[in-house]
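Each remark here refers to the structure printed beneath this line.
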Amino acid sequence: MGVMSGPYVIRGSVSLPEAELMWRFSRSSGPGGQHVNTSDSRVELRFDLAATEALPQVWKERALQRLENRLVGGVVVVRASEHRSQWRNRETALVRLASLLAEATAPPPKPRRRTKIPRGINERRLREKKQRGETKRGRSGRDW
């Protein structure tokens, strides 16, 4: 079995602290073969977002607000059971948690600046509209 690939970076120099991750393993549904009933390959990863000191305060507040409907008592839970090996499920769960936190702590998008439509463009649009109307009116057989 290999070593977990390093600390999982959320963004910049901030990464998930290994000590604050709580793991739980259980039997997974799905493929497995003869080994399936004895191995706990489903992974549940818990991270106490409310109590952590690893995130900057601003990020933490932002994440708590954005993930409020996913949190159970300030704890975010990620499950993984796609793979047959526990190790690969652990990797998947870590990646998932890191990307979830990266998304939740991202700064809000800059507000859109409204731009004024140049007068010439608007006038040209109205002129073409009128022209099109004239063309269509000219198609009716009646002479006014």
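Residue numbers count from 1 along this sequence.
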>> Any non-hydrogen side-chain atom of S85 less than 4.5 Å from a side-chain atom of E91?
In response: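 No. Closest side-chain heavy atoms not under 4.5 Å.
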>> With a 4.5 Å cut-off on side-chain heavy atoms, are E128 and R124 touching?
In response: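 Answer yes - side chains close enough.
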>> Side chains of Q57 and E61 only: does a donor on one sit below 3.5 Å from an acceptor on the other?
In response: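 Note: Q57 and E61 side chains meet the donor-acceptor criterion.
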>> Side chains of N122 and R125: any donor to acceptor distance under 3.5 Å?
In response: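 Looking only at side-chain atoms, N122 and R125 do form a donor-acceptor pair, the distance falling under 3.5 Å.
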> Going by an N to O cut-off under 4.0 Å, is there a salt bridge joining E44 and R42?
Replying inline: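 Looking at R42 together with E44, the answer is no, because their closest N to O distance does not fall below 4.0 Å.
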> So F47 and L94, side chain to side chain contact (heavy atoms under 4.5 Å, CB included) or not? Walk me through it.
Replying inline: CA-CA 10 Å; F47 179 66; L94 266 173; over 6 Å; no
Looking only at heavy atoms, what is the nearest atom pair of [X] and [Y], with distance?
{"X": "V78", "Y": "A93", "answer": "CG1-O, 3.8 Å"}
{"X": "R88", "Y": "H83", "answer": "NH2-ND1, 3.2 Å"}
{"X": "E82", "Y": "N89", "answer": "N-OD1, 3.3 Å"}
{"X": "V77", "Y": "R70", "answer": "O-NH2, 3.0 Å"}
{"X": "R46", "Y": "R24", "answer": "NH2-NH1, 3.7 Å"}

Going hydrophobic residue to hydrophobic residue with side-chain gaps under 4.5 angstrom, can you get from [X] over to [Y]?
{"X": "W59", "Y": "V75", "result": "no"}
{"X": "L67", "Y": "V95", "result": "yes"}
{"X": "L97", "Y": "M22", "result": "no"}

> Given the rule in the salt bridge (Lys or Arg N to Asp or Glu O under 4.0 Å) test, do R137 and E134 qualify, once you have shown the distances and angles that lead to the verdict?
Replying inline: CA-CA 5 Å; R137 191 172 315 131; E134 291 297 320; 3.6 Å; yes
How many angstroms lie between atom [atom1] of [X] and atom [atom2] of [Y], to the nearest 0.5 angstrom?
{"X": "R62", "Y": "Q65", "atom1": "CZ", "atom2": "CD", "result": "9.5 Å"}
{"X": "L45", "Y": "F25", "atom1": "CG", "atom2": "CZ", "result": "9.0 Å"}
{"X": "I121", "Y": "L126", "atom1": "CD1", "atom2": "CG", "result": "12.0 Å"}

> For atom CZ of R139, is the number of surrounding heavy atoms from other residues, nucleotides or ligands below 6.0 Å larger than 12?
Replying inline: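 Counting other residues, nucleotides and ligands, CZ of R139 exceeds 12 neighbours.
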> Is a side-chain donor or acceptor of T135 paired with a backbone partner of Q131 at a separation under 3.5 angstrom?
Replying inline: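 Side chain of T135 to backbone of Q131: a pair is present.
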